[in-house]
Structure formats: C-alpha cells, structure tokens
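Computation of the quantities below employed the complete heavy-atom set of this structure, encompassing side-chain atoms and omitting hydrogens, waters and symmetry-equivalent molecules. A note on names: the letters A, B, ... follow the listed sequences, proteins ahead of strands, and every chain is numbered from 1.
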Amino acid sequence: MLRCPCQVRHCARVLGARVVVSRSFADFTPQASFDIKKCDVHRLEEGPPLKAELTREQGLQYYRIMQTVRRMELKADQLYKQKIIRGFCHLYDGQEACAAGIEAAINPSDHLITAYRAHGYTYTRGVSVKEILAELTGRKGGVAKGKGGSMHMYAPRFYGGNGIVGAQVPLGAGIALACQYQGNDQVCVTLYGDGAANQGQLFESFNMAALWKLPCIFICENNQYGMGTSMERASASTDYYKRGDFVPGIRVDGMDVLCVREATKFAADHCRSGKGPIIMELQTYRYHGHSMSDPGVSYRTREEIQEVRSKSDPISMLKERMLSNNMASIEEFKEIDVAIRKEVEDAAQFATSDPEPPLEELCNHIFHNNPPLEVRGTNPWVTLKSVS
Amino acid sequence: TFRVTVRDALNQAMDEELERDERVFLLGEEVAQYDGAYKVSRGLWKKYGDKRIIDTPITEMGFAGIAVGAAMAGLRPICEFMTFNFSMQAIDQVINSAAKTYYMSAGQQSVPIVFRGPNGASAGVAAQHSQCFAAWYGHCPGLKVVSPWSAEDAKGLLKSAIRDDNPVVFLENELMYGVPFEMSEESQSKDFTIPIGKAKVERQGNHITLVTHSRYVSHCLDAAAVLAKEGIECEVINLRTIRPLDVESIETSVMKTNHLVTVEGGWPQYGVGAEICARIMEGPAFNYLDAPVTRVTGVDIPMPYAKILEDNSVPQIKDVIFSVKKTLNV
C-alpha cells in the first residue's frame, strides 16, 4: 500500500480539492476487477493471480503517482537542456508502472535499492519532488544537500541511487540479510537493469541469497537496452527471470501497474514465508535515451518508441481502464494533472532559486559519529574543517 | 601545422595501429556500434568490423580478464574502461593477471595489453565517477602508467603503449577530449611515437619548477602566464608518464630553479606529488631546494555534485599561483 504520510496527505489534498465535478461520487464504480497478463514462471508451481482488484481511490492514487513521476522527469529534461542540471541524468519516463506498482505492494517498512535511473523510486519511497529537483540542480535544499546529485539520493529504507552498474545487487542481498538477522519480517526489493543482468556480482548474490534463504526480491527492469546495446547483443540468454537458475522467477508486464503490483505481492509473500529469494523480470521501456547525453535513436528507431508510447503507455492504460469502467471522470483526471503541473512547477521554482550549498559544507560527512577532523585543501596552507 | 582535438588524436592513433598490426583489437562497452561512449572510437567499427572492434556487455571483471587472456595468447588488445572508476571492478585482472605475470613466469609469459579510458574528475558526475587512479596504478611494479595532456601526447603515447609489449594503463581525461592542439608535421607520420617514461618541459623558467600531468598542465601554463607578468618565470614539466617516473627531468629542473610545486587532480595522501617529494629527497636535487616542496592536489574528500562545491574540490589556477608565491615566499 502506498501509505507514506506525505503521499497520503497529498493524495487527500488532491482528492479533496475537487471543485468542478459534473457527477456525484455515488455514480462512480467504487471497485472493479481487471484481467492482467499471465506471468511466465520459472521453478514455480503457480504464479501471481490473473485478476487484480482496483478501488477508485487506489486507481487515482496510482495515476497521481505515475503522472507526478512523468512530469517530474520531463521537467528534469527541460532543466538539463537549460544547463541548470549538469553531469549525468538518467530519466525514467515510460517505466512509471514499475515504481508505482512495486510501492503499492510493499510496506513502507520494507527496503528498496536501485541503480542510477532512480528518480522515480526516490519519489515513491517518500522524497518530495521539490527535494529531488533541488538535488538535481545541486542546491542546499536537495535531499542530499546538493552533494550527491542525480545518482545519489537516499531516504529511510531507500538505499539510493547507485552509480556503478550491478554494485547495488549485493548491497540489496545484504539488506535482506539484515532483515533476516533482525527477524523483522521485512523484505528488500533489489532492482537492476537488463544491462546489469550479466554482471558476475549478481550471480554471487543469487547464490548466497538462495543458500541462506534471504528475503530478497531481485527485480530486473528490462527496458531492452543497456545504454546503446540491445539485450540480444549483450546477453546469451534474454530470459532474465530464468537467469537465477535455482532462484525461482516470474516475468511480468512492466507497463501495467496492476500486473506489477500483483507480481510484487506474490514475490513479497514468497520471501516473507521464508522460501528465500525470488526474481521478477519487469518488461518495460524507457522513452528517453540512456541519459541526457544519449539521443536514444542511434540504436533504436523513432517508430519503435512511438509504438510503445501509443500502445503501452502505463499512465494512459490505467486512465483508460478507469474511464471505461466508470471509475472516474475525465474532469477528475484533468484536475489531478493541473495539480501535479503546479506541484512540479513550484518544485522547479524552488530548485532554481534555492542557493547552492555553502562552502562550509564541503568537507562534512566524511565520517559518522566522529570528532571533528581537519581536511587538507588543495594546498598545504588550506586546512578545512570536517564534522560528522 | 594541424589543429587536432585530443579525441581525434586518440582515434588516429588507434586507427593507425589497427591498420599496422592485425593482432591489435579494441574491446569495451559501446566502442563499436555506438562509436564510443565519448566518441573516441568513432568510425573504427565501420572500418574494421566485428572482429577487430568488439562491443562487450557491462561486465568489466569478465572482459578485462578476457582481454588479458587474449594478450597472453598472442594478440594485442586495447581494453577500454568507459571510465577508470569502472576499472575497480576489474582491478584484480589488471594487477594480478596482467601486471605481475611476466615476473611470476620469469620472463616466459608477456602481456602486451593497453587499458585505456578517461580518468579523474569530469563535470558534475559526482563521487563514484570522479576518482583519479594515477596513484593507485602508479604504485604497482609490472605496469606502465601513462597520462597524456596534449593531442600530440595522446597520439604519440597511445601508439607507443600499443606497441609496448607490457601492460600499459593509459589515463585519458574526459574534459580534454574536445580540446584542440596544434600538432607538428612529424606527428602526422604513421610511425610517430613518443617514448614512455620521458617527461617534457612545456615551458622554460628559472624561478620555480611546476611538475604536473594531464589536464593540470593547462592550469600550470595558465598560472605561469599570469605569474610571468609579475616577473616570476615558471618551468612547467608535463610528466607524460606516471610510471616509470622521469625523476631525472624533475631533478635537472629543480637543481636550476631551487623550488618545486607538484600539481595533480588526485587526492593528496599517498599520491603522485607525495612520491615526487620522496624521490627528490632521496636524490641530488634535495640539496638545491630553497624551500620544501609544495603539493597542489584535489581536496581530500569524495567529489561533491553541486557546482560550487565541485569547483572548490579540485586545484584551480589561483591555487597554483598562490602556492607558487608561498613557495617562493613572495
């Protein structure tokens, strides 16, 4: 359930702000059941259910989450082109159903770690758009005080944002080990991409997670390209859900938020019941190139991108489902869009006007719980101060 | 003369060496069909094809090991790390499999390989993508470590590295890729090489010696131009090679100027400047020093992202100028 307090407050604000509605809510279908794509399974007797229940509230919440991530990423695109965001910027638009669906299926007390395409997860794990954009613009109001940047944002139970391909996977298995060790019934969702799926450290992690029955949900977000290399050119086997060999796996339609949610629930139950790790492959797609310095069209066609946009967009899919089942009105969606647009605009305003971190911050945060220390500057006559 | 960017000079070097010796091949992430993450290998796949220019999966430990194995069996690979930060995933293969093998085999097994890619800070890429590895690799016997500055350096040294029968770590710099330099007539010859292990005096001066490598050669030359207006003449030495270190060139200069400042982008502790200080003390130039050696280095912190913090984390021209004046006590 998406139960993070700021999200609930926000959701309530959005839902409570309805001023112009043509019909009363008694007219809307409060809950409906949707058919979802069957998941291919590996080393499992059965997979997630073929139907998903969706309440009106849930639907609007998922819509709002995904649309916020979408608009936030597009705003980041804009700010990058204006050179207000610098360095690396890997955008998530197209993949929103993954982040939204996973968060809907886990508890706020569960753990999550991902790689560098992390802005969406930073949001679903509870960081505001304002703090995310301000981190991208390198200001003191950013979630990492401007010191981390795009790939290094953190929150309680959210371990980033990791720059080195594959490195987050053993980390995730380690977080799961801590959960098991502490006996707290929590799981760790550990994400990686199709590009990272060939990394040796993944297989080391699968082995230990399986040996020790760690409560780790390994999730491969397969968006078909590792930077400029298609999965066929990088992987001898592209059945990423089977790559764990002795680790059971499911392959999931990553463009359908309900499919992702049901699969994640299934996976979380598997882990919490002590059966050990499980792998989920989410079949998804990114509209942008690998990063803002990759136009994204030298290794795939514009037609392919357009086809996914028109036939499988996760936000449109959810919206159409709700409209055709009379679960909400077009006006309601428009109001949500307007509210999100404002939220993102306000966040961008903050992100461009907030000051950069002060120079006094330069050397802080080297060590934790440590007495203050002196740090050498660029030459022997400059000694800087570092506090924990 | 010819005006060539560092990127194009590197491209020319690889093109010429691929043409000259069919045992030479390039492998790494996005080197072939993408034309290189930083476009250094642009056009090479189109010209030489799949056999000579190989796109690898994102698996550094694996492909670096594969490259070393290929070198052991008679080929001459160029193994590209998209940045040297990712070489940490493969460092066991670089050190234990490449660097030490000729020694361990008492001369039976050589490893003619080049590991190349951008090293050090870039612009806004934060802590995990900004580290300088000159000191780490420079520490290890069995490796040659090269750090070019200009386009001519890049071309001549890369050709030498590829022709060298030993493992060479070739540290490029992303911020230098797009910088154009005048290249000499002789550098256009397909047999033009620059010897590994020899520094170059880029600017003559009598008052103080500045020793540096890679991008900071530019900083030192700019600082020298400013200082010259105040009557301070700096001698700027471009190391070109980190290992083996051309101590003799530094000593000759220090025995003339009596003052030494080292400038590098990497961290101070156990760094290139620290090594130079030690070597000066162990040799004849020590007695010629009128002041202790000054090291100008990166700040001893992980690289921050915010621009104002990043700018203050690496040596700036004003830091070099300040250090020169302090060392000269003016």
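- Looking at A/Ile85, the atoms closer than 4.5 Å to chain B (heavy atoms on both sides) sit in the backbone and in the side chain alike.
- For a residue to count as touching a neighbouring chain, one of its non-hydrogen atoms must lie under 4.5 Å from one of that chain's; by this rule A/Leu373 does not touch chain B.
- With a 4.5 Å cut-off on non-hydrogen atoms, A/Arg139 does not touch chain B at all.
- No donor-acceptor contact under 3.5 angstrom links the side chains of B/Gln316 and A/Thr378, judged on distance only.
- For B/Glu30 (side chain) and A/Gly228 (main-chain N/O), a donor-acceptor pair under 3.5 Å exists by modelled atom type.
- Only the side chain of A/Val375 comes within contact range of chain B, with at least one heavy atom under 4.5 Å from a heavy atom of that chain.
- B/Val299 approaches A/Cys363 most closely through the heavy-atom pair CG1-SG, 4.1 Å.
- Ring-centre distance between A/His152 and B/Tyr305: not below the 6.0 Å cut-off.
- Looking only at distances, a side-chain donor or acceptor of B/Gln89 sits under 3.5 Å from a matching main-chain atom of A/Val165.
- Across B/Val296, B/Thr56, B/Ile308, B/Asp300, the residue that shares the most heavy-atom pairs under 4.5 angstrom with chain A is B/Ile308.
- In this structure, B/Pro302 and A/Ile366 approach most closely via the heavy-atom pair CD-CD1, 3.7 Å.
- With a 4.5 Å cut-off on non-hydrogen atoms, A/Leu359 touches chain B through its backbone and its side chain both.
- Taking the six-membered ring where tryptophan is involved, the planes of A/Phe88 and B/His129 are perpendicular, since the angle between them exceeds 60° and thus also 30°.
- Remark: B/Glu310 does not engage A/Lys147 in a salt bridge, criterion side-chain N to carboxylate O under 4.0 Å.
- One distance of note links CG of A/Asn379 with CG of B/Asp319; it measures 6.0 Å at 0.5 Å rounding.
- Heavy atoms of A/Ser298 lying under 4.5 Å from chain B belong exclusively to its side chain.
- Judged purely by atom type and a 3.5 angstrom limit, A/Gln199 uses its side chain to pair as donor or acceptor with the backbone of B/Ile58.
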